[in-house]
Amino acid sequence: MIRVTDIAYVRFRAPDLDQMENFLVEFGLGRAAREGDTLYMRGSDPRPFCHVTEKGDAGFAGIGFYAETPDDLARLASSEGAAVEDSPMPGGGKILRLTDPDGVSVDVIAGQTSPEALPVLRHLRHNDGETKNRIGAPLRIGARPSQVKRLGHCVLNVTDFRRSESWYKSRLGLVTSDEIELAPGAPLGAFLRCDRGSIHVDHHTLFLVGTGSRGFNHAAFEVANLDDLMAGHDHLQKAGRRHEWGVGRHILGSQVFDYWRDPWGHTVEHWTDGDLFNNETPPNVRGLDDLIGNQWGPPAPPSMGS
């Protein structure tokens, strides 16, 4: 077993790369590279890319995770009977290609060359009822897309939750933050996070939902802050993009969320202000109401997750 450090990217197929790029720019990503029939998009964090689109029939194509070192890839490859290759993607490095129990392509990468971080324009100071950080100056947001920093997590619908959970935990070292039960002793799925010991990480990097059928549920991208998320909401709304759910604050993970659909119906989320856990945080078991409920905001639509 190795312990991955974070999610790296999600991969899709689409028949029109220009149309996908136009949407993703409005969503808050920027082009990292376009090589042949493949489009790579990045956020402001110093990572080569976080969203990949290959030209073809529309659909979900896979997911990638970061390993700490190429040696980790070699150890995992040895246990899987697979081979580590040179990555042909931006940033280079090494890549190990695996397939999960439902046939989803899972890449593990290490040793990439990182680009410089991109500037984030909204470094905002806020006043609240207790603390006044902004004195003698107005707050001006400005009309523009959200500023996506990075990919934060992916949610997959799986045919057999326990089988998929075992596969990802035993190979990538993921651990449970919250397991979801339909009833006592009847698990539906679990929010899994990276295990980095005492280092705090996102509440979840991967969420597996035992729907009985395999498929992509959604991918979530962190933005600069709450005002940035709201400005992006207005920008996408004015651009006529399809809104799915939000704005609200989740119960599990605590993120402020806003969900949209890309031109081919894949759900992508803006989020900010999520929980950070480490090895001092024990796993919890929660019910369905905590999963689909929120602390404030509109209820989830019936189409969410499909």
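The pair Asp107-Arg11 meets the salt-bridge criterion, since a charged nitrogen lies less than 4.0 angstrom from a carboxylate oxygen. Arg13 has no carboxylate O lying under 4.0 Å from a charged side-chain N of Asp57, or vice versa, which leaves the two without a salt bridge. Between Asp6 and Arg47 there is a salt bridge, since at least one side-chain N of the basic residue sits less than 4.0 Å from a carboxylate O of the acidic one. With respect to Glu26 and Arg242, no salt bridge is recorded, no charged nitrogen being found less than 4.0 Å from a carboxylate O. Salt bridge present: Arg249 and Asp273 bring a charged side-chain N and a carboxylate O closer than 4.0 Å. Ion pair Glu21/Arg31 flagged as a salt bridge, since at least one NZ, NE, NH1 or NH2 atom sits closer than 4.0 Å to an Asp/Glu carboxylate oxygen.
In summary, the side chains of His126 and Asp227 do present a donor paired with an acceptor at a separation below 3.5 Å, with no hydrogens or angles considered. Donor-acceptor pairing under 3.5 Å is lacking for the side chains of Gln112 and Ser87. Neither side chain, His204 nor Asp275, offers a donor N or O lying under 3.5 Å from an acceptor on the other. With no hydrogens or angles considered, a side-chain donor-acceptor pair links Thr159 and Asp102 at under 3.5 Å. His203 and Asp178 form a side-chain donor-acceptor contact under 3.5 Å, judged by distance and modelled atom types alone. For Trp260 and Asp258, the side-chain atoms include at least one donor-acceptor pair closer than 3.5 Å. Judged by distance alone, the side chains of Arg193 and Thr205 never bring a donor and an acceptor atom under 3.5 Å apart.
Atom CD of Glu280 sits in a sparse spot, with 12 or fewer heavy atoms from other residues, nucleotides or ligands closer than 6.0 Å. Counted within 6.0 Å of CD on Glu68, heavy atoms from surrounding residues, nucleotides or ligands total 12 or fewer; the atom is thus considered open.
In this structure, the side chain of Asp195 engages the main chain of Gly197 through a donor-acceptor pair within 3.5 Å.
If you take NZ on Lys94 and CG on Leu73, they are separated by 9.5 Å, rounding to the nearest 0.5 Å. For the atom pair Leu124 CG and Asn133 CG, the distance stands at 12.0 Å (nearest 0.5 Å). To the nearest 0.5 angstrom, Trp271 atom CH2 is 11.0 Å from Ser254 atom OG. Atoms CZ and CD, from Arg97 and Glu85 in turn, are 5.0 Å apart once rounded to the nearest 0.5 Å. Taken to the nearest 0.5 Å, the NZ atom of Lys132 stands 8.0 Å off from the CD atom of Glu130. We find the CG-CG distance between Leu98 and Leu172 to be 7.5 Å, quoted to the nearest 0.5 Å.
When the side chains of ILVMFWY residues are joined at heavy-atom separations under 4.5 Å, either directly or via intervening members, Met41 and Phe23 end up in a single hydrophobic cluster. In this structure, Val120 is not a member of the same hydrophobic cluster as Leu226, with clusters built from ILVMFWY side-chain heavy atoms closer than 4.5 Å. Placement of Met230 and Val223 within a single hydrophobic cluster is found when ILVMFWY residues are connected by side-chain heavy-atom separations under 4.5 Å, directly or transitively. One hydrophobic cluster, built from ILVMFWY side chains closer than 4.5 Å, holds both Ile7 and Val148. Linking Ile, Leu, Val, Met, Phe, Trp and Tyr whenever their side-chain heavy atoms come within less than 4.5 Å puts Phe221 and Val25 in one cluster.
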Evaluate Val4 against Leu174 for side chain to side chain contact (heavy atoms under 4.5 Å, CB included), listing each step before the verdict. CA-CA 8 Å; Val4 295; Leu174 301 177; 3.8 Å; yes
Let me see the working for Val108 and Ile95 under side chain to side chain contact (heavy atoms under 4.5 Å, CB included), right down to the final yes or no. CA-CA 6 Å; Val108 189; Ile95 185 169; over 6 Å; no
For Gln255 and Thr272: C-alpha separation, side-chain torsions, deciding distance, then whether side chain to side chain donor-acceptor pair (under 3.5 Å) applies. CA-CA 6 Å; Gln255 302 96 330; Thr272 188; over 6 Å; no
Given the rule in the salt bridge (charged side-chain N to carboxylate O under 4.0 Å, His left out) test, do Glu222 and Lys149 qualify, once you have shown the distances and angles that lead to the verdict? CA-CA 6 Å; Glu222 184 180 14; Lys149 293 176 57 58; 5.7 Å; no
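Aromatic pair His218/Tyr259: centroids less than 6.0 angstrom apart. Checked against the 6.0 Å centroid threshold, Phe12 and Phe216 count as a close aromatic pair. You'll find the ring centres of His270 and Phe27 inside the 6.0 Å limit.
Just one of Phe49, Phe65, Tyr40 meets the ring-ring contact (aromatic ring centres under 6.0 Å, His included) condition when paired with Tyr9; it is Phe49.
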